2 protein chains.
Amino acid sequence: MGRRSDHTRIELEELFVAEGRRQLAETGLARFSAREVAKRVGYSIGTLYNVFGSYDGLMLALNARTLALWAQHLRDRLAAAGDDRIRALVCGYFEFARDNPKAWIAIYEHHMADGGPAPESYQALAADLMSVAAGEVARELPEAAAEAVLALTRSLVATVHGHCAFALYRTFSMLGETAPADAALARVRETLEAAKTRDR
Amino acid sequence: MGRRSDHTRIELEELFVAEGRRQLAETGLARFSAREVAKRVGYSIGTLYNVFGSYDGLMLALNARTLALWAQHLRDRLAAAGDDRIRALVCGYFEFARDNPKAWIAIYEHHMADGGPAPESYQALAADLMSVAAGEVARELPEAAAEAVLALTRSLVATVHGHCAFALYRTFSMLGETAPADAALARVRETLEAAKTRDR
DNA sequence: AATTTAATTGAACGGTGATCATTTCTGGTG
DNA sequence: CACCAGAAATGATCACCGTTCAATTAAATT
């Protein structure tokens, strides 16, 4: 059809991402198809490749959107939180994963075709998410050195991630666990308490 | 070729599983191909389907083998452990994942085509793995009730899993973490200490 | 030797990600 | 207004995938 001024390149990107997220949420990563996204948007597969370059490019755009929404969700929860900001953070983590299970899983299950790392701009989004958590850990441990805060934050996020992953992968339900978020919160509290005791 | 007495059905299964594991370790789940496994074993794709029924059936057989080897690895480490059995357990967990990264990841990233649960026999292998950990937790908390031990074990395994997953997915290296196993062990120790204090 | 039975095969089907020569439209020029 | 150069959009084409199943072939039975 030639240069359609129907949509700018930015609009096109947004169309594909919106439809891609809809489809990812429905079918999950394993059945996800770039062709099907293009078809439902009403553009050809060739146009989708013009915009994103590859399947990886499309998936990165989708996961980047998920990461941004996740970070926003956490900040919203923290803004509305009372005294117990750690609980707000852990619950916000679980809420987002539970409300967007397929998209959340896709963040971890998509791998670049060449096995290489994701581009800088994508890693920045993951780092931003981590910094939200680090801010709260720093608030809990005012005396701690910055590097110690970061190291502890990484470990705490890994702890929560493990509980959240088991919850979404149904590993927990298979084993009889019913309140994974509570368990994760309890673990985080223990670690923060131990760190406070060490600091004194 | 008709009924080849070259291999019994059991031998055939073993041939496919051995070659499948080799290929999974090389290429990873995303590029893994049942056709390629059949080709390299020297049987047709049809015979592979006679044996395993589907791609899911093959993957379950591969993942079942991985789970069994993992449990064996943990028991071996515990048998050779000194006083610090918890360290042996956590390190054994990480060692196996690090030595078999693609196979370990496939355990979590393979999903049944219909989204349903894995068959009973497969779940039993996962439960066995959990029971290895539960035995050590029970040893640490002799006073604790059985159900409390199981609940704590689930949470501790989730904690270690989170650290291990971040290590293998390179989330940690992206964030500057260098000793994920040490961090996981520290978290486990804190939780066990807190539980002991509660029991008193 | 003839027949039955069951294991093995691989072509065929509909789908995928990826490519790129071709077509089709648009903005600018004379 | 007619023309053209260039960019956007296309979809046939390719190699591969999981899956199916009629046909084939070798072993077991008669």
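Because the structure is predicted, anything quoted here is derived from the model rather than measured. Naming convention: chains lettered A, B, ... in sequence-line order (proteins, then strands); numbering from 1 in each chain.
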Restricting both atoms to N or O, compile the protein contacts to nucleotides 12-16 of chain C shorter than 3.5 Å, with distance only.
residue	atom	partner	partner atom	Å
C:dT16	OP1	A:Ser33	OG	3.0

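In this structure the side chain of B:Leu156 reaches within 4.5 angstrom of the side chain of B:Thr191, judged on heavy atoms. Residues B:Val90 and B:Glu136 are not in side-chain contact: their nearest non-hydrogen atoms beyond the backbone lie 4.5 Å or more apart. Residues B:Asn50 and B:Tyr43 fail the side-chain proximity criterion, which asks for heavy atoms closer than 4.5 Å. In this structure, the side chains of A:Arg65 and A:Glu14 come closer than 4.5 Å at one or more pairs of heavy atoms.
When the ring pair (Phe, Tyr, Trp, His ring centres under 6.0 Å) test is applied to B:His111, the partners found at least two apart in sequence or on another chain are A:Tyr169.
Distance, B:Ile45 CD1 to D:dT19 P: 8 Å, rounded to whole Å. A straight line from CG of A:Leu60 to C1' of C:dG17 spans 15 Å, rounded to a whole angstrom. Atom OH in A:Tyr49 sits about 14 Å away from atom C1' in D:dG11, given to the nearest Å. Distance B:His7 NE2 to D:dA27 P: 14 Å, rounded to the nearest Å. Rounded to an integer number of Å, the gap from B:Leu29 CG to D:dC17 P is 14 Å. With rounding to whole Å, A:Tyr43 atom OH is found 13 Å from C:dT24 atom C1'. One atom, CZ of A:Arg9, and another, P of C:dT26, lie 19 Å apart when rounded to the nearest Å. Rounded to whole angstrom, the span from the CZ atom of A:Phe16 across to the P atom of C:dG17 amounts to 13 Å.
Bending across the helix from C:dA1-D:dT30 to C:dG30-D:dC1, expressed as the angle between its end axes from five pairs apiece, amounts to 30° (10° rounding).
Using a 4.0 Å heavy-atom distance criterion, A:Leu48 is classed as making no nucleic acid contact. Among the protein residues, A:Leu58 comes within range of no part of the nucleic acid, since none of its heavy atoms lies under 4.0 Å from any strand.
Between A:Lys102 and A:Ala25 the shortest heavy-atom distance is CG-O, 3.5 Å.
Comparing D:dT10, C:dG10, C:dT8 by their nearest atom to the side chain of A:Ser44 picks out D:dT10. When distances are taken from the side chain of A:Asn50 to each of D:dT10, C:dT8, D:dT20, the shortest belongs to D:dT10.
Comparing A:Val51 and B:Ser54, the nucleotide of DNA chain D nearest to each residue sits closer to the 5' end for A:Val51.
Annotation for B:Glu120: atom CD does not count as buried by contact number, only 12 or fewer foreign heavy atoms lying within 6.0 Å.
Under 4.0 Å is where a charged nitrogen must lie from a carboxylate oxygen, and between A:Arg40 and A:Glu36 at least one such pair does.
The phosphate of C:dT8 has neither OP1 nor OP2 within less than 4.0 Å of any side-chain N or O from B:Thr47.
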Run the salt bridge (Lys or Arg N to Asp or Glu O under 4.0 Å) test on A:Arg154 and A:Glu147 for me, step by step, so that the C-alpha distance in whole Å, both residues' side-chain angles and the decisive distance to 0.1 Å come before the verdict. CA-CA 11 Å; A:Arg154 289 192 296 259; A:Glu147 177 48 38; 3.6 Å; yes
